[in-house]
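Read through the structure below, which is laid out as structure tokens, and then see the notes.
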There are 2 protein chains.
Amino acid sequence: MATTTAAQKRAQAKAEYDAFLAQCPSRKLLDRIADKWVTLIVTALGGWRPDTGPGEPGPLRYSELSRLLAGVSQKMLTQTLRNLERDGLVTRTVEPTVPVTVTYELTELGLSLREMMGGIKSWAQNNMDEVLANRDKYDTRVA
Amino acid sequence: MATTTAAQKRAQAKAEYDAFLAQCPSRKLLDRIADKWVTLIVTALGGWRPDTGPGEPGPLRYSELSRLLAGVSQKMLTQTLRNLERDGLVTRTVEPTVPVTVTYELTELGLSLREMMGGIKSWAQNNMDEVLANRDKYDTRVA
DNA sequence: CAGGATCCCGCTAGATACTG
DNA sequence: CAGTATCTAGCGGGATCCTG
């Protein structure tokens, strides 16, 4: 057994995770985080506000998130928050007031995604015009 | 009319696009790019290879992409590539050989997404262990 | 080789109603 | 306030067959 340990370690370190592989669990994780609602929730908890750039990360209440992510259904908001909590990207804190107050906040792990998520949201906004123009060109070329 | 031009310009510049708003087209664009297959295609064309870090961006053939993104169906691969082409993120080049050779390559716009997409893929791989551990903790806590 | 065209299943988003 | 529960329509996405 001891003879295989070193080889196993090297094999494991070499293999690691690779999202290019279908069976790799990181492919599923990628699918989880590469998501519209995840992006918006992380950027919101990360301090981004409408038309302002990055700000200070801080906790938000459920209702605040609901208002911020205009048009999100309770189901999707709750579901996405639960997944993020389970994966350890956000914490959920219940204050026993009447009625209860629930706040969500990014963990360290969640914070490590903040920049990328914010970057993607900003990218979509900043390049919207160009993409729209490209689509026009493409459509007329095909039509 | 001339009197409103300045005000309109300021209003437009101020409003811009905001993916937090449901009706904003950038919300849809966000939904497009925050996608598993988009992430993998952009990173592949961006030069990432299994277990290597970022490399040199370069063109790839359809079959090369298909092999690289293990398990992707032709439908999703073709569909995603078409959308990316329409949005101006990739170019599609047909060489009239027999049989035809089709290559895809990132445009400048697509290249501007390369770092973020690669970052997300790497994040999923590098934090897989921690996420898995967090899920275990969460599940035993709930159970 | 690089798709196009179909069929079809499963999940999942979203709407609605209810609750501690 | 912050959810849970339920239902359903729609479509994402895979499988299969076909083609220039």
Side-chain angles (χ1 to χ4, degrees), chain A residues 19-23 27-41 44-45 59-86 90-105 138 141-143, chain B residues 19-24 27-41 44-45 59-87 90-105 138 142:
Chain A
F20 278 136
L21 303 175
Q23 333 85 295
R27 166 84 63 99
K28 278 188 176 181
L29 180 56
L30 177 62
D31 207 13
R32 269 275 167 82
I33 62 175
D35 173 78
K36 173 180 49 175
W37 299 126
V38 169
T39 305
L40 291 177
I41 288 177
L45 293 177
L60 285 177
R61 301 180 58 173
Y62 182 88
S63 51
E64 292 175 316
L65 279 169
S66 180
R67 239 172 293 118
L68 212 45
L69 312 200
V72 65
S73 64
Q74 294 115 334
K75 182 182 175 183
M76 288 317 297
L77 183 54
T78 301
Q79 192 174 100
T80 308
L81 284 170
R82 283 289 175 284
N83 284 333
L84 291 177
E85 186 195 359
R86 188 166 103 100
V90 307
T91 57
R92 179 176 180 271
T93 308
V94 181
E95 287 177 72
T97 54
V98 179
V100 297
T101 304
V102 181
T103 59
Y104 293 90
E105 191 167 14
Y138 182 91
R141 199 184 315 143
V142 173
Chain B
F20 278 136
L21 304 175
Q23 332 87 295
C24 184
R27 167 83 63 98
K28 278 188 176 178
L29 180 57
L30 177 61
D31 208 14
R32 270 273 167 83
I33 62 175
D35 173 80
K36 174 180 47 178
W37 300 125
V38 170
T39 305
L40 291 176
I41 288 177
L45 293 177
L60 285 176
R61 302 181 56 174
Y62 183 88
S63 51
E64 292 176 313
L65 278 170
S66 180
R67 239 171 293 117
L68 212 45
L69 313 200
V72 66
S73 63
Q74 294 115 335
K75 180 183 176 182
M76 289 317 296
L77 182 54
T78 302
Q79 192 174 100
T80 308
L81 284 170
R82 282 290 174 282
N83 284 332
L84 291 177
E85 186 194 2
R86 189 167 102 100
D87 290 353
V90 307
T91 58
R92 178 176 181 271
T93 308
V94 181
E95 286 178 73
T97 54
V98 179
V100 297
T101 304
V102 181
T103 57
Y104 294 89
E105 190 167 14
Y138 182 92
V142 173

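Sequence lines set the chain letters: A, B, ... in the order given, protein chains first and strands last, and positions in each chain run from 1.
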Mind checking A:Gln79 for me? I need base, sugar-phosphate or nothing, with any heavy atom below 4.0 Å counting as a touch. sugar-phosphate
Would you give the length of the straight line joining atom CD of B:Gln74 to atom CG of B:Leu81, rounded to the nearest 0.5 angstrom? 12.0 Å
Short N/O separations, protein against nucleotides 1-4 of chain D, under 3.5 angstrom:
from  : atom 1 : to       : atom 2 : distance (Å)
D:dC1 : O3'    : A:Arg61  : NH2    : 3.1
D:dA2 : OP1    : A:Arg61  : NE     : 3.0
D:dA2 : OP1    : A:Arg61  : NH2    : 3.1
D:dA2 : OP1    : A:Val102 : N      : 3.4
D:dA2 : OP2    : A:Ser63  : N      : 3.0
D:dA2 : OP2    : A:Ser63  : OG     : 2.7
D:dG3 : OP1    : A:Arg82  : NH2    : 3.4
D:dG3 : OP1    : A:Arg92  : NE     : 3.1
D:dG3 : OP1    : A:Arg92  : NH2    : 2.6
D:dG3 : OP1    : A:Tyr104 : OH     : 3.4
D:dG3 : OP2    : A:Tyr104 : OH     : 2.7
D:dT4 : OP1    : A:Arg82  : NH2    : 3.4

Sequence neighbours left out, what passes side-chain contact (heavy atoms from CB on, under 4.5 Å) with A:Lys75? Give chain and number order. A:Ser73, A:Gln79
Atom CG of B:Asp31 to atom C1' of D:dC11: distance rounded to whole Å? 13 Å
Rounded to whole Å, CE of B:Met76 lies from P of C:dC8 at a distance of 20 Å
For A:Thr80, give me all partners under side-chain contact (heavy atoms from CB on, under 4.5 Å), at least two apart in sequence or on another chain. A:Trp37, A:Val38, A:Ile41, A:Met76, A:Leu84
Spacing between A:Asp35 atom CG and C:dA13 atom P, to the nearest angstrom: 8 Å
For A:Asp35, which residues count as a salt bridge (charged side-chain N to carboxylate O under 4.0 Å, His left out) partner, sequence neighbours excluded? none
CZ of A:Arg32 versus C1' of C:dC11: gap in Å, rounded? 13 Å
Tell me whether B:Arg27 contacts the main-chain N or O of B:Ala19 through its side chain, where contact means a donor paired with an acceptor under 3.5 Å. yes
Checking side-chain contact (heavy atoms from CB on, under 4.5 Å) for the pair A:Arg67/B:Phe20: CA distance, chi angles, key distance, verdict? CA-CA 9 Å; A:Arg67 239 172 293 118; B:Phe20 278 136; over 6 Å; no
Which one of A:Thr103, A:Asn83, A:Leu45 satisfies the side chain to side chain contact (heavy atoms under 4.5 Å, CB included) criterion with A:Val90? A:Leu45
Please list all pairs meeting side chain to side chain donor-acceptor pair (under 3.5 Å) that have one or both residues in residues 91-101 of chain B, counting only residues at least two apart or in different chains. B:Arg92-B:Tyr104, B:Thr97-B:Thr101
The bend of the helix from C:dC1-D:dG20 to C:dG20-D:dC1, taken between the axes of its five terminal pairs at each end and rounded to 10°, is 60°
Given atom CD of B:Glu85 and atom P of C:dG4, what is their separation to the nearest angstrom? 10 Å
